[in-house]
Amino acid sequence: MAIAIPFFQQLTGMNVITFYAPVLFRTIGFGSNASLMSSMITGGFNALATFVSIFTVDKVGRRKLFLEGSAQMFICQIVITAAIASKFGVDGNPGTLPKWYAFLVVGFICIYVMGFAWSWGPLGWLVPSEIFPLEVRSAAQSINVSVMIFTFAIAQVFTSMLCHMKFGLFIFFAIFVLVMSCFIHKCLPETKGVPIEEMSVVWQNHSYWKKFVKSASEEAKAKVDNSC
């Protein structure tokens, strides 16, 4: 569970937009200078939207922010896919692009960035730190950080994927966002206001994980049975 969250975080496509925003914006019709400016704009939306998570995460809960952000990202990716497909097709030659079209795509990319910034961005690191037992927290968090290697891998293959898949690249990431949403809905318990000492009770009462997590009394009984 805890390792899956940062793993899925790398598959939202957010890091791709961060690393290659100038490439994306030049592709949809912006000049090189405008591309850099658009990259700064998306970074600004990312920073500002993070404050939404800071001020609401303990009010609305982790699960709601995860699911809302995922839905927002999924819708934006579908719209971006349709917008790019309608102009670029499969040959990648859009001709002359109207400014309203370029700004429309940039606008949905900014909305996408905001959805990530108040959900998977900060919560991808917050939630794993809340659900680990104290005995293994240090080691487990180290494993979480190591998942960042996927950021490097995605960054290396992105340009080739963009050239070959074109608008299909956003469908690729949209599918992962859909899978992530199902995972959160099915497997993630709400940790809002739960002390770390009581997380074991949350796992025991969860509809799915209770099949794998035993209570203290059950563990004690199992030890007695094994000793006999």
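Expressed to the nearest 0.5 Å, how far CZ of Phe173 lies from CE of Met73 amounts to 12.0 Å. Interatomic distance, Leu126 CG to Thr191 OG1, rounded to the nearest 0.5 Å: 6.5 Å. From Ser160, atom OG reaches atom CG of Leu169 across 11.0 Å, with rounding to the nearest 0.5 Å. Interatomic distance, CD1 of Ile78 versus CG of Leu178, reported as 9.0 Å (0.5 Å rounding). With rounding to the nearest 0.5 Å, the separation of CD1 in Ile184 from CG in Leu65 is 11.0 Å. Of the inter-residue distances, the one linking His185 atom NE2 with Phe66 atom CZ reads 15.0 Å to the nearest 0.5 angstrom.
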Between Val106 and Ile41, is a side-chain contact (heavy atoms from CB on, under 4.5 Å) present by the stated rule, with each step listed? CA-CA 9 Å; Val106 170; Ile41 292 172; 5.6 Å; no

Between Gln77 and Phe108, does a side-chain contact (heavy atoms from CB on, under 4.5 Å) hold up when you go through it step by step? CA-CA 8 Å; Gln77 285 173 328; Phe108 273 98; over 6 Å; no

Give the intermediate values and the outcome of side-chain contact (heavy atoms from CB on, under 4.5 Å) for residues Phe51 and Thr56. CA-CA 9 Å; Phe51 287 99; Thr56 61; over 6 Å; no

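Between Leu67 and Ser181 the shortest heavy-atom distance is CD2-O, 3.6 Å. The two residues Trp125 and Gly121 make their nearest non-hydrogen contact at CD1-O, 3.4 Å. Between Ala49 and Ala117, the closest heavy-atom pair is CB-CB, 3.6 Å. Scanning all heavy atoms of the two residues, the minimum distance from Phe45 to Val113 falls at C-CG1, 4.5 Å. The shortest heavy-atom contact between Pro128 and Leu123 is CD-O, 3.8 Å.
Under the 3.5 Å distance criterion, the side-chain polar atoms of Asn205 are matched with a main-chain donor or acceptor of Val201. Arg63 places a side-chain N or O within 3.5 Å of a backbone atom of Leu188 that can act as its donor or acceptor partner. With Glu190 contributing its side chain and Gly61 its backbone, the two residues share no donor-acceptor pair below 3.5 Å. Side chain of Ser53 to main chain of Thr50: no donor-acceptor pair is present (N/O by atom type, distance under 3.5 Å, no hydrogens or angles). The backbone N or O of Lys59 sits less than 3.5 Å from a side-chain atom of Lys192, completing a donor-acceptor pair.
The distance between the ring centers of Phe116 and Tyr112 does not fall below 6.0 angstrom.
Follow the hydrophobic side-chain contacts under 4.5 Å out from Val127 and you never reach Ile54; the two are in separate clusters. Under the 4.5 Å side-chain heavy-atom criterion for ILVMFWY residues, a single connected hydrophobic cluster contains both Val79 and Phe103.
Between Arg62 and Glu130 there is a salt bridge, with a side-chain nitrogen of the basic residue lying less than 4.0 Å from a carboxylate oxygen of the acidic one.
Inter-residue side-chain proximity for Met114 and Asn46 is flagged as unmet; no heavy-atom pair is nearer than 4.5 Å.
In summary, the side chains of Gln204 and Trp209 do not present any donor paired with an acceptor at a separation below 3.5 Å, with no hydrogens or angles considered.
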